[in-house]
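Working notes for the structure below.
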Protein chains: 4
Amino acid sequence: MPRAVRERQMMDAAVRTFGRRGYRAASMDEIAEVAGVSKPLVYLYLHSKEELFTACIRREAAALVAAVRAGVAGSDGEPDLPADGQLWAGLTAFFTHTAEHPDGWAVLHQQARTHGEPFAAEVAAMRDELVAFVTALIGVAARDARQDPAFSDRDLSALANALVGAAESLADWANHTPGVTAKEAAGTLMNFAWTGLGGLMAGHRWSRS
Amino acid sequence: MPRAVRERQMMDAAVRTFGRRGYRAASMDEIAEVAGVSKPLVYLYLHSKEELFTACIRREAAALVAAVRAGVAGSDGEPDLPADGQLWAGLTAFFTHTAEHPDGWAVLHQQARTHGEPFAAEVAAMRDELVAFVTALIGVAARDARQDPAFSDRDLSALANALVGAAESLADWANHTPGVTAKEAAGTLMNFAWTGLGGLMAGHRWSRS
Amino acid sequence: MPRAVRERQMMDAAVRTFGRRGYRAASMDEIAEVAGVSKPLVYLYLHSKEELFTACIRREAAALVAAVRAGVAGSDGEPDLPADGQLWAGLTAFFTHTAEHPDGWAVLHQQARTHGEPFAAEVAAMRDELVAFVTALIGVAARDARQDPAFSDRDLSALANALVGAAESLADWANHTPGVTAKEAAGTLMNFAWTGLGGLMAGHRWSRS
Amino acid sequence: MPRAVRERQMMDAAVRTFGRRGYRAASMDEIAEVAGVSKPLVYLYLHSKEELFTACIRREAAALVAAVRAGVAGSDGEPDLPADGQLWAGLTAFFTHTAEHPDGWAVLHQQARTHGEPFAAEVAAMRDELVAFVTALIGVAARDARQDPAFSDRDLSALANALVGAAESLADWANHTPGVTAKEAAGTLMNFAWTGLGGLMAGHRWSRS
DNA sequence: AATGAATGAGGCTTCATTCAT
DNA sequence: AATGAATGAAGCCTCATTCAT
């Protein structure tokens, strides 16, 4: 069997095992068995547990970002929607992808962030990409509304972080609640967020009493 | 030294070690050393690694919930504020507590959820408590507004989940970004969420194009 | 059983196993078994295969040097013999010790020198001590004879090296030939070497044709 | 590429790798890579690691013995020098060869002797050849001197062993000390040994005080 | 109330070797 | 004449846990 095929089998098995057991609890023995190969072959191709995990993180992160990008992009590969349309498309793609790849999502969201610097940094880079994308979208909306009081970069960053965090949380909720569709999750968040953002852009603020 | 004091030393050491290293990577050896006691004593008091970790989760979960409750409650122990005031107080208490107990927060938010059922269930119970609290708050607001289209329980639950997720994400963001205060984090989320909720209650919805 | 005793058992087992099998071929499993303890205990006390091997080298080197020193020294701890008497005493002690500790000698002479820098350096230090001792002895003899052509430091060093090499070779020969006593080996080398040195000191040289 | 050439490439790679890493630490993978061929080819031609190592020992032993023989022999292939001349020529050839083939010398002197019987026996056979040669030479000298007390075969054998050991030690010393030539090493040993032997033949003995 | 001494079990990694082509 | 693909076996090391005092 050609090397490329075997490598994909192993990575699939690794994502599944890491996602379900965690980095430390997953054993190379189990990964090899799930992949249907012997352990030495895993080492021959993927070198070490650490490299294997890193490769999993990279592959799943790239796949997730690609899915979101593809959702946002129009047919010509360039995003040609208004900001809210882009956000909607991105969220839908995000929830669809995380629902279709629960193990990959677990690797990124749960495992990679909890097992030390080499891995956390890897996934932080991907998350930053998503946060930057969201920051840009609400930045556009803010500039259009151009009102007082204006938003600082830090305000926008915090908002984007809250939004991405809400999306991550909803992805878990959707994965663990039967019958929730990607569109429903996207709708919930979109209603909430876009309305909230709209209010903020219109100058509304909450203040004590 | 009395048993209660020793036990607290050990739990402190365990929370710190579990929070920084993760459940599997933390060794009973290191915990005992950090606690300044011998390993058999840890076993005498806490019985096993699993029980020790569970005890840590329970203690930290209880502390977090208590902090939020205390923040929300008035001087007589009963919450006597309007819904938005309660949410503000709860968020402030939440961000204050997570900032002051980063290791405990790491145990709850990162470690407990990534190491299998016995632990995930433990922390899920606590999270459900927070979600239920938030659900109740926005349920009250929704009932006050009593408008069309009404919110289903599932809608409220999804919203509360998104809100709690956003709060968790902001807690991490605040812990890793220098100079962010609990009040700032609470303000960001409050502005965003209460405005958004207000809009939703007023019947606003986002829809494609 | 107290730690010190156990440690000695382990080191004895390690010297024996390393001496007979070689560094790589000796397994920690076998060492533990020979020592009559479990493997983890070996690691608890001696930390790693590398550290264990280094400890063996150091212990055996110190023992050999101490044996030679004790042989050379008079009853008051200071060497009070003439140069030839010291050499004789040192050689006798050397051959006696290597015959009584064949595994330790194998560790020093065969294994430590063939398994890379960390170990080779360790044993080279000890050998240099012996070479320096011999160099000093023949240096004294040369100065007494004070003749022409004089010996350079390098000449003396080369001679001492040859002498030590001859002694090492004879130690192996004595260990593998039944019925050879330490005194016989010392006598052979002493006759040969002291006569040769005497001739050299008297100005004799060999030259082609 | 013809088989004989390939085989030589592999043996060269093996000698180099075994000499530098040791028998156990050298991997067939590295040998194949250094040789520039695939591993199965190494097995096709050399059958196993053990056979490969044995073949290396034999080849290098034969080369060393041949070099010494060639050095000793006159132009007609028969040694026609007196005993001391033969010893000088043999030593010079020995030091020259070991300096020019350090990896081969390491295989013979360090690795083959430290990795168990099959290999140690192989190199012992070669060493015995050299010892026999030296024994014969000094035997001739002894017979010429025909004096009292006579030398037993064992005396001669012990002497030859000491001499060969001194030569081996000097070979290492020369290989590790910059600027030492084969002639210098041979001269040092020759001066020392021939003078010593001459003294012995003349009946000199060393005795305690 | 507390610990020094000890181990069964299991995980990561590497290696010599073979098969099918 | 030559190799890409593959594995059984074994070695180093660590860990949760217990016993005797």
Side-chain angles (χ1 to χ4, degrees), chain A residues 1-7 23-32 35-53, chain B residues 1-3 5-7 23-32 35-53, chain C residues 1-7 23-32 35-52, chain D residues 1-3 5-7 23-32 36-53:
Chain A
M1 197 167 302
R3 172 167 181 159
V5 176
R6 277 283 195 239
E7 258 182 28
Y23 176 60
R24 297 283 302 227
S27 82
M28 294 299 270
D29 262 301
E30 184 178 355
I31 292 172
V37 296
S38 70
K39 228 184 335 169
L41 200 59
V42 179
Y43 278 89
L44 190 60
Y45 288 174
L46 281 320
H47 313 310
S48 76
K49 196 182 188 183
E50 201 168 325
E51 274 191 47
L52 174 54
F53 192 42
Chain B
M1 194 168 304
R3 171 162 181 161
V5 176
R6 276 282 197 240
E7 260 186 24
Y23 176 60
R24 298 285 300 226
S27 80
M28 294 298 271
D29 262 300
E30 182 176 359
I31 291 172
V37 296
S38 70
K39 234 184 327 173
L41 199 59
V42 179
Y43 278 88
L44 187 62
Y45 286 176
L46 281 318
H47 313 307
S48 77
K49 194 184 189 184
E50 204 168 321
E51 276 190 46
L52 173 54
F53 191 43
Chain C
M1 196 167 303
R3 173 167 179 156
V5 176
R6 277 284 195 239
E7 257 182 30
Y23 176 61
R24 297 283 302 227
S27 82
M28 294 298 270
D29 263 300
E30 183 178 357
I31 292 173
V37 296
S38 71
K39 225 186 334 171
L41 201 59
V42 180
Y43 279 90
L44 190 60
Y45 288 173
L46 281 321
H47 312 309
S48 76
K49 195 182 189 183
E50 201 168 324
E51 273 191 47
L52 173 53
Chain D
M1 196 169 302
R3 170 160 184 161
V5 176
R6 276 282 197 239
E7 260 185 23
Y23 176 61
R24 297 284 299 224
S27 80
M28 295 298 271
D29 263 300
E30 182 177 358
I31 292 172
V37 297
S38 71
K39 235 185 327 173
L41 199 58
V42 179
Y43 278 88
L44 188 62
Y45 287 176
L46 280 319
H47 314 305
S48 77
K49 194 183 189 183
E50 205 168 321
E51 275 190 47
L52 173 53
F53 191 43

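Letters go in sequence order (proteins before strands), and every chain restarts at 1.
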What is the separation between atom [atom1] on [X] and atom [atom2] on [N], rounded to the nearest whole Å?
X	N	atom1	atom2	answer
A:L44	F:dG8	CG	P	15 Å
A:D29	E:dG10	CG	C1'	9 Å
B:F53	F:dA16	CZ	P	13 Å
C:E50	F:dG11	CD	P	18 Å
C:I31	F:dC12	CD1	C1'	11 Å
A:H47	E:dC12	NE2	P	17 Å
B:R24	E:dG10	CZ	P	12 Å
C:Y45	F:dC13	OH	C1'	18 Å

Side-chain donor/acceptor of B:K49 to base of F:dT17, under 3.5 Å: no

Base F:dT7 to side chain A:K39, donor-acceptor N/O within 3.5 Å cut-off: no

Sub-4.5 Å side-chain heavy-atom contact between B:L52 and B:K49: no

Between [options], which nucleotide gets closest to the side-chain atoms of [X]?
X	options	answer
C:L41	E:dT7, E:dA1, F:dA2	E:dT7
D:M28	F:dT7, F:dA2, E:dA16	E:dA16
B:S48	F:dT17, F:dA2, E:dA2	F:dT17
C:Y43	E:dA2, F:dC12, F:dT7	F:dC12

Exercise: identify the closest heavy-atom pair between D:A32 and D:S38: CB-C, 4.1 Å

Distance-minimising heavy-atom pair for A:E7 and A:L46: CG-CD2, 4.4 Å

Position toward the 5' end of DNA chain E (nearest nucleotide), D:A25 or C:P40: C:P40

Of A:A26 and D:A26, the one whose closest DNA chain E nucleotide lies more 5': A:A26

C:M1 CE to C:L41 CG distance, which is reported to the nearest 0.5 Å: 10.5 Å

Separation between CD of A:E51 and OG of A:S48, rounded to the nearest 0.5 Å: 4.5 Å

Runs of at least three Watson-Crick or G-U pairs with DNA chain E, cut-off 3.5 Å: E:2-21 with F:2-21

Phosphate-side-chain proximity, D:R6 and F:dA2, N/O vs OP1/OP2 below 4.0 Å: yes

side-chain contact (heavy atoms from CB on, under 4.5 Å) evaluation trace for B:Y23 with A:R24: CA-CA 9 Å; B:Y23 176 60; A:R24 297 283 302 227; over 6 Å; no

Sugar-phosphate only, base, or nothing, as touched by C:R3 at under 4.0 Å among non-hydrogen atoms: sugar-phosphate

Sugar-phosphate, base or nothing in reach of D:A32, heavy atoms under 4.0 Å: nothing

Residue whose nearest DNA chain F nucleotide is more 5′ - C:Y23 or D:P2: D:P2

